Amino acid sequence: MPDATQVMFFLSAALILVSAVLVVTVRNLIHAALWLIATLFGVAMLYVLLEAGFLAVVQVVVYIGAIAIMFIFAVMLTRRDLLSQSPQTNANWPVALGVSALALVGIAYIVRGFVFSLERTPAPLTGDTLQMLGEALTSPSLFVLPFEVASVLLLAALIGSVYLAWNKK
Amino acid sequence: MSFWNFWTDPIGVADAWLRGLFAGWGMPEFWVSLLVSLIGIVVLVVFALVLDIMLVWVERKVVARFQGRLGPNRVGPFGLFQPFPDIVKLIIKEDITPAGADKVVFNMAPVISAMSVIILWAIFPLAARVYGTDLNVGVLYLIAAGAFGTLSVIMAGWSSNNKYALLGAFRSVATMISFEIPLVVTLLIPVVITGSMSLKAISEAQINSVPFFLVAPLAFLIFLISAIAELGRSPFDLNEGESEIVSGFHIEYSGMKFGWFYAGELLHSYTVGGLMGILFFGGWGWFGLEKVLPWLDTPFFGAISVLGKALIGYWIIMWIKYTVPRIRIDHMLAFNWKFLTPLSFALLMVMAVVHSLLKEQALWIYVPAMFLSNILVGWVTLEILRNNARQQRDAVKTPEPVAQH
Amino acid sequence: MQNPWIYIGLFLVIGIVVPVAPLIIAAVIAPKKPNPIKQSTYECGMETVGDSWVQFKAQYYVFALAFLIFDVETVFLFPWALSLNILPFFVVVEGIIFILILLAGLVYLWRKGMLEWV
C-alpha cells in the first residue's frame, strides 16, 4: 500500500506528463495554453511535496498568473485562421525521432549509474525556512549579488521587450 | 467537555471530539485526519456560501437605498428571503450555450471563478483559534487565488464566441493584472512591519500593538483602490460596462453559471473587505477593548469583529461603486502605471527605511514616525501633482490678449 | 493539522465540487429547448456583423509584459521583506537598489511611450 506522499507524487507526475503531451498535440492553440496551465499546476504540486510551499505559491503567481496569461495573449495576437488549420507535423520527423531516441539512451545511461539511496539525500531544513530564504538572499556572505544581478536581468528583459514591441508599433 | 471549554476553543474541542468518535469506530489514523478536515472544510465552505446568499440581499437593499428606491421588500420581512427565490430561478432557467462556443471552456469558466473565491476562505482567520489553516505564505496565497480569477475571465470571454465578450475580457484582464502590482506592493507593507507572511501572525501583531491603518494609512488607501480594481467593481468596472458592452465577458452566460459569476463577485468583495480588516484594522481584536473587557477575547466575539469589519469594508466598496461614474480604460491604466505603481514602490522604500531604523524603539515613537512618513510621502506626491497641474495650466494660459488698450 | 497543504488541497477539491453541484442540478432540472435563434450570439438585438474575431491590440501584450517583469520583482521582494526584522540596516539599502533599478525600467517604459493606450 503506497504511502500518501507517494500517491500524491504519482498523481502530480501523471498530471504533468499527460498535460505536457496534450500541450504539444492538441489542435486548438488556446486549449494548448490551458493544458500548459495544468502542467504548471502539477509542478506546483511537486513543490508542495518537496516542502517548498513558498516556491509552489510563487509558481502559481508568476507562471500561471503572468506567463500563462502572456501566452494566451500571444496566441490571440496571431491571426485566427492559423489556430486550427496549420498542419501538426512537418517533414523533419525522422530526424526528431532519432535525436529523441539518442537523448533517451543518454539519460538512461546516466540514471543507471546513479545511486538513489535515502542516506545520500540531504536532510530537510529545520526552522523557519522562509526567514532563512530571506537571509540567504540578502546577507553579503550568501546570495546578495545574484539578488541584485537578478534585478539587472529583469531590467534587460524589460528593455529588450520594449525594443521588440516598439518596432511592431 | 464543559461549555466554557467549547466557548474559548470551539475548533479544538470539536476536533478532539470527532477524532475520538472516529478512532472509537476503528478507523486508521490517516483517514481520521482526512475525514475531520473534510468535515471542517465543508462547514467553512457552507458558511461562506450562506454569507454569500445574505450578501445578495445586502447588495440589493443598499443599491436601492443609494438610488432612492426601496429594494426587495416582499419576500419575508424586509425582503430578507429574496435571495432564495433568486437561486431557485437561476437553477431552473434554461442553459443556453451560444452556437460556436467552446463547450468545455465555456462550462469551466464560472466554476474556476467561484473556486478562486472559495479557496480564499481556507486561510481566513476568524478568531484566535478559529481558522481553516495557518499557511506561512498566506499573503502570496491570496495573490495566487487572484491569478485563477484572472484566468477564468479570459476563459469566459474567449469561449463565448462573441466579440463583445472578447473585448470585455481583454479589458478586464488588462485592468486586473495592471492593478495587481500596487496591490502586491501594499500587501508587502504589513509583511515588512510584522516580519511574517501568515495572516494569523499579522493579526496577532496588530492586536499586540496598534492596527496597521495607524501605522500605514497611505498603504491602506492604495490597497483599497487596487483591490476595487482587482474586483472589477466600479469605478473600474470596464468589464461590466452595462451601457457600453453589456456585461462584458459574461454576456453569453445565463442561469446558474451567471449566478456563480455574480455571487462570486459579491463574495470576493466581501472577502476583500475582510482582508482589509485583517491586514489593516486589527484582525479579530476590538481595537484594544478586549484587554479591558476579557469577555471580548473569546472566539465568538472575535469572529463578530472580523465579519463586522468585513461588512464595513464591503459597505465602503459598495458606497464607492454606487456613487462614482466609470473611469475610461486609458485613464485607468495611466492612473495605475504612472501614478499608483511608482507611489506604492516609493512608499515601500520609505516605510522599509523607517521601520528598519526604528524597529527597536517603543511603540509611542514608532507609530507616529511611521504615520508621519506616510503623510510625508502623500504630501510630496500632492506637491508633484500640483506642480504638474500648474505646468499644464500655464502652458495653456499664455495666449496674449488680441487687443491691447 | 500537521500539514496545511493537505488542507489546501482538500479545499481546492471541495472548491471545485461545490460550484459544480448546482450546475449539475440545473442541467438535470432545467428545460432544454435549443433553437438557432436562442443560440445566436448577442449583439445588442441585431444580427451579428462581421466575424467574431476582433483585432487584438498589441498594447495589451505590452501591458502583460510590463506586469510580468514587475510581478517577478515583487516576488523577489517577499523574502527581502521577511528578513528586515532580523538583519541589520544594510539589507534595506540592498532592497532599495533592487527597487530603484526596476523603477528606472518603468521610467524607460514611460518615456518610450509604451504606457499609452492608443
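Residue numbering restarts at 1 for every chain, and letters A, B, ... go by the order of the sequence lines. Being a predicted model, the structure only gives us computed values, none of them experimental.
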Output the residues of residues 181-189 of chain B for which the shortest heavy-atom distance to chain A is under 4.5 Å, in residue-number order; output 'none' if no such residue exists.
->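 So no residue qualifies.
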Can you check whether anything in residues 134-147 of chain B gets within less than 4.5 Å of chain A, heavy-atom wise, and list it by number?
->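 Only N136(B), V137(B), L140(B), Y141(B), I143(B), A144(B), A147(B) of residues 134-147 of chain B have a heavy atom under 4.5 Å from chain A.
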Under the side chain to side chain contact (heavy atoms under 4.5 Å, CB included) criterion, do V105(B) and H31(A) qualify, and how do the steps go?
-> CA-CA 9 Å; V105(B) 181; H31(A) 285 181; 3.8 Å; yes
Partners passing side-chain hydrogen bond (donor to acceptor under 3.5 Å, both in side chains) against H355(B) (at least two apart in sequence or in another chain) =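 side-chain hydrogen bond (donor to acceptor under 3.5 Å, both in side chains) list for H355(B), sorted by chain: Y366(B), N85(C).
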Donor-acceptor contacts under 3.5 Å from residues 153-162 of chain A side chains, at least two apart:
from, atom 1, to, atom 2, distance (Å)
S161(A), OG, A157(A), O, 3.2
S161(A), OG, L158(A), O, 2.8

Look up atom [atom1] in [X] and atom [atom2] in [Y], then write down how far apart they are to the nearest 0.5 Å.
X: I64(A); Y: F148(B); atom1: CD1; atom2: CZ; value: 4.5 Å
X: I30(A); Y: I154(B); atom1: CD1; atom2: CD1; value: 8.0 Å
X: I69(A); Y: M176(B); atom1: CD1; atom2: CE; value: 8.0 Å

CZ of F71(A): more than 12 outside heavy atoms within 6.0 angstrom?
->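 No, not enclosed.
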Are there more than 12 heavy atoms of other residues, nucleotides or ligands under 6.0 Å from atom CZ of F143(A)?
->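 No - once you tally the heavy atoms of other residues, nucleotides and ligands closer than 6.0 Å, there are 12 at most.
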Where on V104(B) is there a heavy atom nearer than 4.5 Å to chain A: the side chain, the backbone, both, or neither?
->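 Neither part.
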Is any side-chain heavy atom of L34(A) closer than 4.5 Å to a side-chain heavy atom of M155(B)?
->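 Touching, per the 4.5 Å side-chain cut-off.
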Q131(A) versus chain B, heavy atoms under 4.5 Å apart: side chain, backbone, both or neither?
->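 For Q131(A), the side chain is the part near chain B, not the backbone.
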For Y63(A), is it the side chain, the backbone, both, or neither that has a heavy atom closer than 4.5 Å to a heavy atom of chain B?
->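 It is neither, since no heavy atom gets under 4.5 Å.
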